[in-house]
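Notes for the one structure printed next.
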Number of protein chains: 2
Amino acid sequence: MEQLLRIAPLFQNLTQHDLLPIANASRKVSCVAGQQLFIEGDPAIQLFLVLKGSVRLYRLTHDGKEKVIEIIRAGETFAESVALLGRPYPVCASAIDALEMIAIPAEVIKAQVEQNTGLALKMLASLSLRVHRFVNDIHALSMSTAQQKVAGYFLAFLSAEADEQCIQLPSTKALVAARLGLQPETFSRVLGRMKEQGVIREENAQIVVLAPEKLRQLRDE
Amino acid sequence: MEQLLRIAPLFQNLTQHDLLPIANASRKVSCVAGQQLFIEGDPAIQLFLVLKGSVRLYRLTHDGKEKVIEIIRAGETFAESVALLGRPYPVCASAIDALEMIAIPAEVIKAQVEQNTGLALKMLASLSLRVHRFVNDIHALSMSTAQQKVAGYFLAFLSAEADEQCIQLPSTKALVAARLGLQPETFSRVLGRMKEQGVIREENAQIVVLAPEKLRQLRDE
DNA sequence: CGCTTGCCTTGACCGCCGTCAAGTCCTTCC
DNA sequence: GGAAGGACTTGACGGCGGTCAAGGCAAGCG
């Protein structure tokens with residue numbers, strides 16, 4: 001269990017002494033694809049570390065549609081912020097595919113944070129990063145055109161200057177579209193246009209970026 | 001200085017012993033309206049507590065327009081998250097009107113957080129709140145129509161169930177429009193429609209909400 | 001093999017919102 | 001008082017993207 005916990009940046013570099021009470025209180029959970037983990041308004045009694053699979057965090061709009069806020073992938077934690085505040089979850093969560101996670105009681109984390117400055121700093125760093133990502137998201141969401149959103153999304157996956165990189169889309173295209181605030185149809189059309197411009201290619205469920213600089217140009221309009 | 005610092009939730013309830021080094025390292029700054037505080041990419045060497053006036057946090061899109069990410073009002077702090085990470089500012093900041101702030105060196109905060117669990121917890125709570133607000137913002141941004149955004153924005157100001165509440169808009173309407181990701185013209189049109197539906201009224205630069213439940217209905221489509 | 005189901009694509013249509021432009025109201029300043 | 005400027009409003013128009021509908025395509029199953 002301790003080894004598993006150390007996957008998360010949150011718990012790396014913690015001494016075994018500090019990690020032990022957390023490990024003892026945590027338990028492993030498995031979920032099938034599509035399973036509901038919690039819904040908006042549920043009391044936040046635990047935070048999660050994803051070991052395998054991915055999780056969709058979303059909100060329901062008043063007319064029943066869902067807006068994807070974040071997609072959590074293996075190795076990442078979520079619900080850290082709420083565990084500390086003692087507030088109910090601000091989003092719904094459900095498993096995208098088969099899922100393995102570690103559930104960590106919020107109270108144990110709270111207790112540890114109070115004693116252990118190292119963990120507190122880690123959590124601060126983690127939350128700061130999340131804030132930064134949200135700033136990026138808000139910026140991306142208000143970028144006007146669908147093409148710019150998609151280009152920006154792909155560029156976030158590219159590591160360096162290398163040409164011809166592959167991108168593995170998390171789950172289905174429809175989900176990525178939702179993440180970007182687009183309809184599946186629109187996403188498909190944008191991909192089609194990019195393909196006929198020679199910017200990308202599709203190869204067995206992967207996106208191959210042929211011309212990163214052209215992608216950058218599309219994002220910048 | 002110490003009294004001023006205690007305005008912020010971040011520093012309330014800190015012992016004088018803990019607050020003193022922070023107070024000693026901080027200094028007061030004044031700005032004229034429109035003054036640039038920092039731009040995106042600047043090294044983040046200090047965080048700010050606004051005493052008087054308000055601050056616009058924004059990003060520049062690639063074609064030179066600016067997207068308002070947040071509006072910080074008197075009594076609030078900003079740039080807490082970056083001060084800890086040692087990363088450059090992810091946004092630009094400029095004064096909306098005449099401004100008085102306290103600038104607190106990031107290093108002092110970092111040093112104090114390492115020693116003082118109380119401050120660490122405060123900062124965690126503050127960042128958690130910010131994350132929650134961003135979640136709300138992302139949700140609001142992806143709500144489709146302009147009317148829904150405006151209704152949601154107004155509803156966030158209403159405290160309880162009381163009818164006939166006044167809302168003081170921060171600064172100009174154009175700025176609020178930018179905050180909502182709308183053009184001033186669109187914002188104006190939405191206000192006009194709400195007025196002729198008897199949902200709101202305008203009275204010397206204030207919005208008077210006449211029918212909160214109608215507003216809720218508009219937000220929910 | 002044919003049927004179903006789910007995912008994706010493509011086409012047609014329409015409404016919302018951004019843009020451009022002109023006009024009104026109010027403040028400021030001489 | 002009159003001119004100038006800024007904030008806001010109102011109108012006309014066009015494009016992007018959402019919606020609806022139909023069709024293609026692969027996997028699973030009887």
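Computed from a predicted model, the values in this text were never measured in an experiment. All chains are named by letter (A, B, ...) in the order of the sequence lines, taking the proteins before the strands, and each is independently numbered beginning at 1.
The A/Ala146 side chain lies nearest to D/dG17 when the options are D/dG17, C/dT19, D/dT9. You'll find that the side chain of A/Glu185 is closest to D/dC20, out of D/dG17, D/dC20, C/dC17. The side chain of A/Ala174 lies closest to C/dC8 when the candidates are D/dC8, C/dC8, C/dT9. Side-chain proximity of A/Lys173 to C/dC8, C/dC17, D/dC8: nearest is C/dC8.
C/dT9 atom C1' lies 13 Å from atom CD of A/Glu196, rounded to whole Å. Straight-line distance from the CG atom of A/Leu180 to the P atom of D/dG18: 11 Å, rounded to whole Å. Remark: C1' of C/dG15 and CD of B/Gln147 are 14 Å apart, rounded to the nearest angstrom. In this structure, A/Leu191 places its CG atom 10 Å from P of C/dT10, rounding to the nearest Å. Atom pair A/Gln183:CD and C/dC8:C1' shows a separation of 14 Å (rounding to whole Å applied). Atom CZ in A/Phe187 sits about 14 Å away from atom P in D/dG17, given to the nearest Å. The nearest whole Å value for the distance from the CD1 atom in A/Ile96 to the C1' atom in C/dG6 is 17 Å. Atom CD in B/Glu202 sits roughly 9 Å away from atom C1' in D/dC8 (whole-Å rounding).
A donor and an acceptor atom sit less than 3.5 Å apart, one in the side chain of B/Arg189 and one in the base of D/dG11. No hydrogens or angles were tested; on distance alone, nothing pairs the side chain of A/Arg193 with the base of C/dT10 as donor and acceptor under 3.5 Å.
Residue B/Lys149 has no polar side-chain atom (N or O) positioned under 4.0 Å from OP1 or OP2 of C/dC17. Between D/dG18 and A/Thr186, a contact under 4.0 Å exists linking OP1 or OP2 to a side-chain N or O. When the side-chain nitrogen and oxygen atoms of A/Ser188 are compared with OP1 and OP2 of C/dT9, one or more of them lie within a distance under 4.0 Å.
Using bins of under 30°, 30° to 60° and over 60° for the plane-to-plane angle, the ring pair B/Phe38/B/Phe48 lands in the parallel bin. Taking the six-membered ring where the residue is Trp, A/Phe134 and B/Phe134 present tilted rings, their angle falling between 30° and 60°.
Taking the side chain as every heavy atom from C-beta outward, B/Gln36 and B/Cys92 approach each other to under 4.5 Å.
Side chain of B/Ser26 to main chain of B/Ile22: a donor-acceptor pair is present (N/O by atom type, distance under 3.5 Å, no hydrogens or angles).
By the neighbour-count criterion of 12 heavy atoms within 6.0 Å, atom CD of B/Gln206 is densely surrounded, having more than that number from other residues, nucleotides or ligands.
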